[in-house]
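Read the structure below first, then the notes.
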Number of protein chains: 2
Amino acid sequence: MGASLVQRLELEGAEVQWHRQMLRALPAIRTPRRPVDAVICDIRLPDGTGEELYETLTRTGHPPAFLFITGQGSIDQAVRLIRSGAMDYIAKPFDLAQLLIRLTQVMRPRAEQEMPPESGISEAARAIDRQVGDAAGRDTPVLLRGGPGLGKLRLARRIHDHSDRRAAPAVVIDAIGGTVDRASLAGAISDVGEGSLIIVGVGRLTSDCQDLLLAALRKADFRLIATAGLRLDEKVADHFRSDLLSLLTSHEIVVPALSERPEDAVWLAGRLFPAMNARRASPLNGIAASAEEAIRAHDWPGNGRELRARLLRAVEAAVGDLVLTSDLFPERSGDAGLRSLAEVRDAAERSQIAAALERTGGQVGEAAKLLRVSRTTLWEKMQKLGL
Amino acid sequence: MGASLVQRLELEGAEVQWHRQMLRALPAIRTPRRPVDAVICDIRLPDGTGEELYETLTRTGHPPAFLFITGQGSIDQAVRLIRSGAMDYIAKPFDLAQLLIRLTQVMRPRAEQEMPPESGISEAARAIDRQVGDAAGRDTPVLLRGGPGLGKLRLARRIHDHSDRRAAPAVVIDAIGGTVDRASLAGAISDVGEGSLIIVGVGRLTSDCQDLLLAALRKADFRLIATAGLRLDEKVADHFRSDLLSLLTSHEIVVPALSERPEDAVWLAGRLFPAMNARRASPLNGIAASAEEAIRAHDWPGNGRELRARLLRAVEAAVGDLVLTSDLFPERSGDAGLRSLAEVRDAAERSQIAAALERTGGQVGEAAKLLRVSRTTLWEKMQKLGL
DNA sequence: TTCAAGTGTTCGGGTTTCCGAACATGCCAA
DNA sequence: TTGGCATGTTCGGAAACCCGAACACTTGAA
């Protein structure tokens with residue numbers, strides 16, 4: 001089984017070491033040649049147990065993410081290991097695809113990796129990263145399109161920073177935060193020199209500015225990187241110059257909404273978490289599994305920006321040692337409202353019983369008469385309601 | 001087994017409630033009469049699973065420490081629950097002594113967090129206190145959101161008074177009491193200097209004022225602390241600038257309604273009482289048990305402000321040596337003759353059903369789900385109650 | 001002391017409540 | 001027209017609720 005696991009992981013592009021004995025694995029994890037992202041570990045090893053290994057590692061430092069796999073696991077052991085920080089504990093036989101998903105969630109992105117995932121781990125996100133890298137290699141105008149909060153400006157900067165113009169400045173013009181007039185656009189164009197002009201919300205440019213921009217593109221030697229919302233096409237009918245539009249759309253990168261790739265939302269949360277957690281007085285242990293599920297299910301109309309804001313608040317608000325769903329979505333506790341029928345019924349009975357007892361001075365029999373129930377029934381209810 | 005557990009725990013000096021069904025346990029944990037330290041929960045319950053119960057609780061708030069006990073547990077489930085924040089997961093048969101040890105371990109740290117409560121004793125209130133303290137340590141704009149009468153302005157002041165800007169003034173602008181025009185906002189901004197600008201009801205600012213505020217935030221060195229109602233998001237479609245909104249919501253604190261944490265209502269009443277009582281010529285002895293019950297059951301649409309007003313009136317009007325329900329809710333005492341238990345039960349059900357139907361827009365099936373009864377049952381009740 | 005009255009508690013039964021299944025109906029969209 | 005989808009309605013069985021009848025107590029007054 002080990003062999004097939006190694007084979008599969010290498011197929012996925014991972015660099016894998018396989019140790020058959022605990023004593024061999026110990027130094028390989030403690031003083032690795034290259035940083036270890038994750039350890040997949042059987043419990044039964046010829047010269048000890050996986051638990052021992054993990055135990056030894058936690059005594060001296062912070063081990064990498066551990067995923068235990070075991071043939072005859074005990075619940076006891078699972079609880080113990082998870083509580084002491086192991087990432088997972090899976091009983092054989094297990095689903096390999098499941099394991100791979102957990103692995104990608106768990107792995108910390110490596111800085112020195114050749115092509116680290118920037119936008120996410122989904123197919124769509126990797127496609128974005130490829131297209132951005134591709135755009136950096138070219139020198140044509142680029143249009144980044146997508147909903148709000150998807151980091152389009154960050155992508156624009158990355159295109160510039162990896163392009164041949166990286167030595168020249170990147171000037172950002174924001175047509176969404178404030179209006180851009182002819183003068184400020186002209187100023188930006190003269191500032192940019194041979195660098196990249198980044199226009200945020202290009203669809204909001206006035207006709208004046210569109211003319212100016214088109215003229216400048218013909219004369220001056222700068223590169224245009226523009227961002228726009230999803231509704232750009234509709235602008236054409238309105239006031240947007242079709243020749244500028246076709247110039248932009250000839251090379252456009254569409255960033256899909258976060259809700260279309262839920263695995264990226266979870267991944268992003270895991271990536272943002274450590275930095276936020278570091279600011280806490282009492283650090284948290286992580287994000288609860290149920291909260292991750294809620295992240296996956298949420299719509300994220302504000303995309304990455306919303307996720308960042310929510311997570312920040314959640315990390316501040318968390319009470320125990322995990323971020324829970326209610327920390328991320330506190331507004332739901334209100335609309336989840338509307339207590340159940342049994343609940344309001346009990347509440348009504350409780351207050352009425354209390355009032356009756358008050359009136360009779362604690363005489364149960366009398367109170368029962370007031371409430372028109374038998375003494376026994378009243379007694380039962382008092383038991384049930386804890387009075 | 002439940003009985004022996006209860007017996008043993010009471011022998012150890014604990015106060016124990018034993019619920020045999022999930023639907024009964026849910027309200028007892030969510031709106032407890034006294035704060036719950038820990039929950040010991042079987043997985044198999046007659047009307048659901050312990051996992052469901054826990055999941056429901058984490059969706060809307062911070063549950064107390066959970067220890068699961070189960071006959072046929074799975075490792076999968078154990079891992080999932082522990083990763084969602086459960087404290088333990090024990091397979092039967094288990095060692096009672098072991099369980100007690102784990103219980104004390106779990107409850108010890110709770111006793112140590114000795115921050116005196118400011119907003120209340122519930123988990124939600126403690127989370128608010130933490131977030132407010134945290135916000136005081138930062139210097140970013142803060143938004144306090146919640147219904148009316150929850151003391152948002154008081155919290156805003158507390159943030160300022162504990163922040164590094166406490167030596168500088170805190171200027172309050174109220175957009176709810178009266179309209180705020182451009183001139184008065186500009187005046188406040190120039191007055192505030194390097195202090196904190198507190199805007200009450202930020203959602204009511206005119207477009208003019210929003211522009212001015214945004215511009216000032218870029219130029220001047222003051223801190224913005226804003227409060228708003230729950231419906232802020234809906235304002236966006238209307239007239240609220242989305243960039244200002246995203247700036248505010250990047251750090252927001254949501255204050256839950258008092259009706260969602262009845263134990264805080266009782267606590268608050270107990271806290272306000274002595275000062276009010278001191279002003280009486282003949283001091284009272286306290287608040288009657290039935291009155292406390294009524295406080296717990298009341299909806300408190302006006303939240304803390306309503307509670308304060310009612311209690312003040314009640315303390316002034318009380319004739320005996322206790323504050324009674326009729327002092328707090330004089331409008332109810334019209335029908336003096338204590339209605340029967342069945343009557344109040346039906347009345348409570350009727351209003352709750354009406355509320356549910358209101359929310360679902362008349363959809364019976366949906367309403368039944370909200371009320372946690374079957375569609376058939378709801379239909380029967382509607383027949384009986386004439387709805 | 002004794003008796004009466006009240007409370008805490010259990011038990012067996014009759015009655016109501018609750019639910020899921022089933023089926024007919026009406027309504028809307030494809 | 002047809003095929004969902006939600007509602008209106010009935011039905012049978014399981015679970016609950018409710019009650020009276022007991023019985024063992026405590027309390028307090030005669």
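Just so we're on the same page: letters track the sequence lines, and every chain starts at 1.
- When the nucleotides C/dC18, D/dC18, D/dT10 are ranked by their closest atom to the side chain of B/Glu380, C/dC18 comes out on top.
- For A/Trp379, no side-chain nitrogen or oxygen approaches OP1 or OP2 of C/dT7 to under 4.0 Å.
- Listed here is the closest heavy atom pair of B/Pro63 and B/Leu57: CB-CB, 3.9 Å.
- Across all strands shown, B/Gln363 has heavy atoms under 4.0 Å from sugar-phosphate atoms exclusively, and none from any base.
- Under 4.0 angstrom from either OP1 or OP2 of C/dC19 there lies at least one side-chain N or O belonging to B/Ser374.
- The interatomic distance linking A/Lys369 (NZ) with D/dC19 (P) rounds to 14 Å, in whole Å.
- The existence of a salt bridge linking B/Arg59 and B/Glu55 is confirmed by a sub-4.0 Å separation between a basic side-chain nitrogen and an acidic carboxylate oxygen.
- Checked for salt-bridge contact, B/Arg372 and A/Glu343 miss the test: no charged N lies under 4.0 Å from a carboxylate O.
- One can place CD of A/Glu349 at 13 Å from P of C/dT17, the figure rounded to the nearest angstrom.
- For B/Thr376 and C/dG20, the shortest distance from a side-chain N or O to OP1 or OP2 is not below 4.0 Å.
- A residue-by-residue look at A/Arg375 and A/Arg372 shows that A/Arg372 has its nearest nucleotide of DNA chain D further toward the 5' end.
- Note on A/Lys384: a side-chain N or O is less than 4.0 Å away from OP1 or OP2 of D/dC17.
- Taking atom CE of residue B/Met382 and atom P of nucleotide C/dC18, one finds them 15 Å apart after rounding to whole Å.
- Rounding to whole angstrom units, CG of residue B/Leu341 and P of C/dT16 are separated by 17 Å.
- In the displayed structure, A/Glu123 atom CD is contacted under 6.0 Å by at most 12 heavy atoms of other residues, nucleotides or ligands.
- The residue among A/Arg345 and A/Glu366 whose nearest nucleotide of DNA chain C is located toward the 5' end is A/Glu366.
- Atom NZ in A/Lys381 sits roughly 13 Å away from atom P in D/dA16 (whole-Å rounding).
- A/Gln383 has its CD atom 8 Å from the C1' atom of C/dG8, to the nearest Å.
- Taking NZ of A/Lys381 as the start and CG of A/Leu371 as the end, the distance is 10.0 Å to the nearest 0.5 Å.
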